[in-house]
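This report refers to the structure that appears directly beneath it.
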Amino acid sequence: MINETPRVRFAPSPTGYLHVGGLRTALYNYLFARKNNGTFILRIEDTDRKRFVEGAVENLISSLEWCGLTYDEGPGKEGEHGPYLQSERLPIYEDYALHLVEQKKAYYCFCTADRLDVMRKEIEKGGGQPKYDKHCFSLSTEEIKEKLDSGMPYVIRLNVEPGKTIAFDDMIRGRIEFSSDVIDDQVLLKSDGYPTYHLANVVDDHLMNITHVIRGEEWLSSTPKHVMLYNALGWEIPAFAHLPLLLNPDRSKLSKRQGDVAVEDYRSKGFLKDALVNFVALLGWTAGDDKEFYNMNELIDAFSLDRVNKAGAVFDLQKLHWLNAEHLRSKSMPELTELLKESLLTSAFAGNHYSDDMLKQIIEAMLPRVSFIQEIWQNGAYLFAAPESYDPAVIKKRWTDESGKYLEVLANHFEALVSPAKEDYELALNKVSEELQVQHAQLIHPLRLAVSGVGGGPGVYDIVVIIGQAEAVKRVRKAAQTITK
RNA sequence: GGCGCGUUCGUCUAGUGGCUUAGGACGCUGCCCUCUCAAGGCAGAGAUCACCGGUUCGAAUCCGGUACGCGCUACCA
């Protein structure tokens with residue numbers, strides 16, 4: 001197994017969306033596969049008919065693809081190990097369940113839900129383990145045949161021998177041991193003919209030649225059951241790696257209640273896939289150096305399973321925001337222009353057209369001031385249209401009652417310029433400052449407010465250049481008149 | 001309750017017996033830069049390494065126990 005090229009899988013159940021915890025699991029599988037020239041498989045564990053969600057598989061796949069996690073085998077990419085939807089593999093599981101029954105390693109159980117309920121309550125009252133009492137294990141061949149013939153509903157249970165120690169090595173946590181005494185006679189095949197997770201998972205991992213099972217920590221307690229199944233079927237046990245959980249700020253398991261958990265939520269909020277992937281990669285893993293900014297190729301290069309942490313990690317939005325800004329700023333101008341055009345569609349300026357050259361100027365002015373591309377349309381709205389209003393009182397109060405007069409002079413000077421460049425506006429303002437014997441600040445801050453309506457933002461001359469001479473003059477003059485009134 | 005896993009600044013983490021006055025990052029504060037706001041640079045606050053005991057000349061690092069948190073304990077995954 002050592003020299004085998006790894007085959008790993010992400011095996012979600014289709015709940016309707018890709019959970020960020022699932023994304024992290026998928027990512028680690030993907031990185032491990034790519035790093036080791038292995039194969040990354042997507043398998044859909046849709047064995048719970050009660051939880052069927054329309055369109056869930058498509059949604060899952062599109063979220064995965066959006067993040068750049070392309071799988072080598074899976075739905076729509078049938079390899080030699082398909083199908084990759086467990087609901088399409090039902091006869092396989094039944095065969096193995098029956099095989100185990102023949103070998104006396106599993107048995108038919110006809111107990112009703114009611115009897116199981118009563119039994120568990122009794123055991124719990126006595127302070128014992130709420131396990132199945134093997135009631136049906138002792139049924140004779142005749143009794144079983146009779147019940148089967150009469151069409152009585154049944155399940156198939158694993159026959160767990162008591163008094164054994166089940167041990168396995170986890171790549172992240174080391175050796176782990178369980179006593180078989182605490183393991184229930186797990187149902188393998190449900191009465192509706194579907195397998196449970198445990199059976200389907202083990203059968204498929206074996207049939208699909210999975211070498212490394214990389215999954216969430218919530219499966220750690222079930223692993224001895226899986227080990228027993230591998231043993232019962234006479235199969236080699238894959239390597240296990242149980243990943244730490246993703247947590248809410250209060251350290252409970254990450255849940256919908258306390259924020260967004262779906263990848264599509266983050267996508268629709270305008271997060272870059274690069275940032276989301278980078279962020280989630282760092283939740284439970286580190287290369288050991290101080291590097292925190294990664295693109296996918298760098299992650300593949302740096303990733304290793306033995307540097308995955310044991311403890312759960314809180315999903316911290318602040319760091320995600322920071323990473324988003326970092327990734328945004330690392331993009332090339334053509335990429336940024338493309339992103340800006342895309343976000344135009346959902347902005348207040350949808351339908352308008354702007355030249356690439358203008359967008360370039362705007363990006364250069366706004367990029368260090370935003371964490372999301374769409375914030376350019378929001379925070380920089382005055383670059384595209386005159387501010388709805390600005391408060392002349394603010395100018396008067398912060399500067400002087402004379403501001404109106406100054407702005408009027410400034411407007412005249414700006415208007416007199418012939419195809420001015422950025423420096424020409426600056427020179428013009430300097431000239432006005434001399435003429436009127438006022439400090440720059442007395443002009444430049446009112447100018448900023450007149451032209452943008454807000455106190456912060458890009459350099460004021462940059463703003464003027466972007467909106468253009470005519471528009472700038474118009475806004476300054478309007479402000480001047482409003483103040484003077 | 002039982003079983004399992006975990007526990008280093010608010011958060012993500014470095015650290016595998018002496019290099020550690022426990023390092024980095026996000027966030028926070030201040031300074032510099034500056035027409036503003038950011039970005040950037042610099043500085044600072046912030047962790048008695050959950051607790052108790054043991055091993056050792058020496059422990060965040062090894063061992064034992066306790067506490068707390070989380071997971072599992074379904075014909076859900």
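First the proteins, then the strands, lettered A, B, ... as listed; each starts at 1.
- Using a 4.0 Å heavy-atom cutoff across all strands shown, A:Glu326 reaches sugar-phosphate atoms only and no base atom.
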Please tabulate the protein-to-nucleotide N/O contacts below 3.5 Å involving nucleotides 26-30 of chain B, giving atom names and distances.
from: B:C26; atom 1: O2'; to: A:Lys319; atom 2: N; distance (Å): 3.4
from: B:G27; atom 1: O2'; to: A:Gln318; atom 2: NE2; distance (Å): 3.4

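- By the 4.0 Å N-to-carboxylate-O rule, A:Asp204 lies too far from A:Arg9 to be salt-bridged with it.
- In this structure, A:Trp285 places its CH2 atom 12 Å from P of B:U13, rounding to the nearest Å.
- Contact annotation: A:Asn309 reaches the phosphate of B:U13 (side-chain N/O to OP1 or OP2, under 4.0 Å).
- Straight-line distance from the CZ atom of A:Arg329 to the C1' atom of B:G40: 10 Å, rounded to whole Å.
- At B:C75, one or more side-chain N or O atoms of A:Arg157 fall inside 4.0 Å of OP1 or OP2 (strictly under the cut-off).
- Taking the ring centroids of A:Phe10 and A:Tyr71, they lie at or beyond the 6.0 Å cut-off.
- Rounding to whole angstrom units, CG of residue A:Asn379 and P of B:A39 are separated by 13 Å.
- Counting any heavy atom pair closer than 4.0 Å across all strands shown, A:Thr47 reaches sugar-phosphate atoms only and no base atom.
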Counting primed atoms plus P, OP1 and OP2 as sugar-phosphate and everything else as base, spell out the protein contacts along nucleotides 31-37 of chain B at 4.0 Å heavy-atom distance: B, S or - for each nucleotide, 5' to 3'. ----BBB
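- Within the nucleic acid shown, A:Thr286 comes within 4.0 Å of sugar-phosphate atoms alone, with no base atom in reach, counting heavy atoms only.
- Between the NE2 atom of A:His226 and the P atom of B:U73 there is a distance of 10 Å, given to the nearest Å.
- A donor N or O paired with an acceptor N or O is not found under 3.5 Å between the base of B:C70 and the side-chain atoms of A:Ser252.
- A:Arg307 comes within contact range of the sugar-phosphate backbone alone, with a heavy-atom separation under 4.0 Å but no base atom that close.
- In this structure, CG of A:Asp184 is placed 12 Å from C1' of B:C75, rounded to the nearest angstrom.
- Residue A:Lys253 places its side chain closer to B:C72 than to any other of B:C72, B:C75, B:A77.
- Nucleic acid contact class of A:Val187 (heavy atoms, under 4.0 Å, all strands): sugar-phosphate only.
- Between the CG atom of A:Asn248 and the C1' atom of B:G10 there is a distance of 16 Å, rounded to whole Å.
- Within the 4.0 angstrom heavy-atom criterion, no nucleotide atom of any strand lies near A:Gly216.
- The side chain of A:Lys190 approaches B:A77 more closely than any other nucleotide in the set B:C12, B:G1, B:A77.
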Are any protein N/O atoms closer than 3.5 Å to N/O atoms in nucleotides 3-8 of chain B? If there are, list each pair with its distance.
from: B:C5; atom 1: O2'; to: A:Arg173; atom 2: NH1; distance (Å): 2.7
from: B:C5; atom 1: O2'; to: A:Glu217; atom 2: OE2; distance (Å): 3.3

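- Each of A:Arg120 and A:Leu245 was assigned the nucleotide of RNA chain B with the nearest heavy atom; the assignment lying further toward the 5' end belongs to A:Leu245.
- Residue-level contact check: A:Lys131 touches neither bases nor backbone, having no heavy atom under 4.0 Å from any strand.
- If you look at A:His321 and A:Phe372, their ring centroids are closer than 6.0 Å.
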